Amino acid sequence: MDVDSTLIDEEVIDELGVAAGCGEEIAGVTERAMRGELDFREALRARVALLRGLPVSVFDEVYDRLHFTNGALDLIDALHAHGWKVGVVSGGFHEVVDRLVADAGIDHRLANRLGTTGDADGATLTGEVLGEIVTKDVKLAALRRWAAEDGVPMSQTVAVGDGANDIPMIQAAGLGIAFCAKPRTRDAAPEAIDERDLMKVLDFLR
C-alpha cells in the first residue's frame, strides 16, 4: 500500500513544509501532483528544494504528529495472522517510513531518501533527493518484485492507494483498491473504499 494519506492520515512532505514555514506552498504542489496534474519527479524535487537547511531533527517532530489511519494496524495484524506479507511504497521519505514500518511490523518498504550535510549533531537537509525517485513505475516494479520474492502470483496480490502515482500498481494487482482517493485514481481503480477505515480492505478478501 501507499503511505501518505493511506497508511497514515497525513502527507509527510506537507508536514515538513509547515516546519520549514512554506506549508501552503508545498501543500498546493502536493495536491496538484496527487491529482496527476504535475510530473511527480519534478514536483517532488521542487518541494524538497524548499526544505533546504532544515535540521534533520525535524523528522522527530514530524513523526510525533503522524497518525496511523483508522484500522491500519488491525489490518496488518489480521493479514499477518493469515500468513500474508505487507509492503509499503512511498513517494515520501525513508527517514519517516522506516519508523512507521518498525512500529507497524511491515515486511517490505520503499521510499525516497533525502540528502543531508553536516555531522550527526548538526545535520541539515540539502534540499535534494538521493538516488532514484519513487514514481508510479517504481511502485509497480516494487509490487512485482516483492510478489516474486515471496512466491506470490500477481493474481493473489492486493494494492491500495489514493493518488495518481498509485494507479499502475492498483491496476496490476489481483485486487486493486482506491482508498479515499483522488477522482482520477478512484475512476481508474477496480474497487474503492470511501471511508477512512483500512479494515474495510478485508471485506474484499473474505
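Given the structure is predicted, the values throughout are model-derived calculations rather than measurements.
- Scanning all heavy atoms of the two residues, the minimum distance from Glu10 to Leu66 falls at OE1-CA, 3.4 Å.
- Thr124 is not listed as a side-chain neighbour of Leu54, based on a closest heavy-atom distance of 4.5 Å or more.
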> Can Arg47 and Asp14 be said to form a salt bridge (Lys or Arg N to Asp or Glu O under 4.0 Å), step by step?
Replying inline: CA-CA 9 Å; Arg47 287 175 291 175; Asp14 294 353; 5.1 Å; no
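- Residue Met199 is grouped with residue Leu205 when hydrophobic side chains (ILVMFWY) are merged at heavy-atom distances under 4.5 angstrom, including chains of intermediate members.
- Between Arg184 and Ile167 there is a side-chain heavy-atom pair separated by less than 4.5 Å.
- Listed for the Tyr63 side chain is a donor-acceptor partner under 3.5 Å among the backbone atoms of Arg99.
- A salt bridge is defined here as a Lys NZ or Arg NE, NH1 or NH2 lying under 4.0 Å from an Asp or Glu carboxylate O, and Arg196 with Asp9 meets this definition.
- Considering every non-hydrogen atom in both Ile170 and Ala189, the closest pair reads CG2-CB, 3.7 Å.
- Atom CZ of Phe59 is separated from atom CD of Glu95 by 4.5 Å, given to the nearest 0.5 angstrom.
- Grouping the Ile, Leu, Val, Met, Phe, Trp and Tyr side chains by contacts below 4.5 angstrom, directly or via other members, places Val88 with Ile76.
- Although no hydrogens or angles enter the test, the distance criterion places a donor-acceptor pair under 3.5 Å between the side chain of His94 and the main chain of Ala111.
- Contact detail for Gly87 and Ile106: the closest heavy-atom pair is CA-CG2, 4.0 Å.
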>> Before you tell me yes or no, could you show the steps for Leu79 and Val201 under side-chain contact (heavy atoms from CB on, under 4.5 Å), namely the whole-Å CA-CA distance, both residues' side-chain angles and the distance that decides it to 0.1 Å?
In response: CA-CA 10 Å; Leu79 294 174; Val201 169; 5.9 Å; no
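- Atom CG of Asp150 sits about 7.0 Å away from atom CG of Asp107, to the nearest 0.5 Å.
- The side-chain contact (heavy atoms from CB on, under 4.5 Å) test with Val3 singles out one residue from Ile8, Thr69, Leu110, Val134, and that residue is Ile8.
- Contact of the Lys200 side chain with the Ile177 side chain is not registered, since no non-hydrogen atoms from C-beta on lie closer than 4.5 Å.
- No continuous path of ILVMFWY side-chain contacts below 4.5 Å connects Val18 to Val29, so the two sit in separate hydrophobic clusters.
- Contact annotation: the side chain of Val101 never approaches that of Asp98 to less than 4.5 Å [non-hydrogen atoms, C-beta and beyond].
- In this structure the side chain of Val62 reaches within 4.5 angstrom of the side chain of Val12, judged on heavy atoms.
- Remark: Phe179 CZ to Asp194 CG distance equals 9.5 Å, nearest 0.5 Å.
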> Taking it one step at a time, do Phe93 and Ile13 satisfy side-chain contact (heavy atoms from CB on, under 4.5 Å)?
Replying inline: CA-CA 8 Å; Phe93 312 110; Ile13 184 71; 3.7 Å; yes
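- Side-chain contact between Trp146 and Val152 is absent, with no heavy atoms from C-beta onward closer than 4.5 Å.
- In plain terms, the two heavy atoms of Met154 and Ala147 that are nearest each other are SD-CB, 4.1 Å.
- Although no hydrogens or angles enter the test, the distance criterion places no donor-acceptor pair under 3.5 Å between the side chain of Glu191 and the main chain of Ala178.
- Taking a 6.0 Å sphere around CD of Glu149, one finds it holds more than 12 heavy atoms contributed by other residues, nucleotides or ligands.
- Residues Leu38 and Phe40 are members of separate hydrophobic clusters, defined by side-chain heavy-atom contacts under 4.5 angstrom among Ile, Leu, Val, Met, Phe, Trp and Tyr.
- Between Leu51 and Ala20 the shortest heavy-atom distance is CD2-CB, 4.0 Å.
- Residues Leu73 and Trp84 share a hydrophobic cluster, clusters being chains of Ile/Leu/Val/Met/Phe/Trp/Tyr side chains in contact below 4.5 Å.
- Taken to the nearest 0.5 Å, the CD1 atom of Ile26 stands 11.0 Å off from the CD atom of Glu15.
- Considering all non-hydrogen atoms of both residues, Ala164 and Thr185 come closest at N-OG1, 3.3 Å.
- Residue Arg65 qualifies as enclosed at atom CZ: its count of foreign heavy atoms under 6.0 Å is above 12.
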> How far apart are the C-alpha atoms of Arg144 and Thr157, what are their side-chain angles, what is the distance that settles it, and do they pass the side-chain contact (heavy atoms from CB on, under 4.5 Å) test?
Replying inline: CA-CA 9 Å; Arg144 288 177 168 153; Thr157 61; over 6 Å; no
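- In this structure, OG1 in Thr6 is found 4.0 Å from CG in Asp162, a value given to the nearest 0.5 Å.
- The closest side-chain heavy-atom distance from Ser90 to Asp4 is below 4.5 Å.
- Here CG of Asp203 is found 7.0 Å from CD1 of Ile193. Values are rounded to the nearest 0.5 Å.
- With hydrogens and angles disregarded, no donor-acceptor distance shorter than 3.5 Å links the side chain of Asn70 to the backbone of Asp197.
- Ser5 and Glu11 share a side-chain donor-acceptor pair at under 3.5 Å.
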>> Applying side-chain contact (heavy atoms from CB on, under 4.5 Å) to Thr116 and Leu125, what does each step give before you reach the verdict?
In response: CA-CA 4 Å; Thr116 62; Leu125 299 180; 4.0 Å; yes
> Would Lys136 and Asp166 count as a salt bridge (Lys or Arg N to Asp or Glu O under 4.0 Å) if you check the C-alpha gap in whole Å, the side-chain angles of each, and the deciding distance to 0.1 Å?
Replying inline: CA-CA 6 Å; Lys136 60 184 180 180; Asp166 298 315; over 6 Å; no
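- Atom CZ of Arg145 has more than 12 heavy atoms from other residues, nucleotides or ligands within 6.0 Å.
- The shortest distance between side-chain heavy atoms of Lys182 and Glu31 falls below 4.5 Å.
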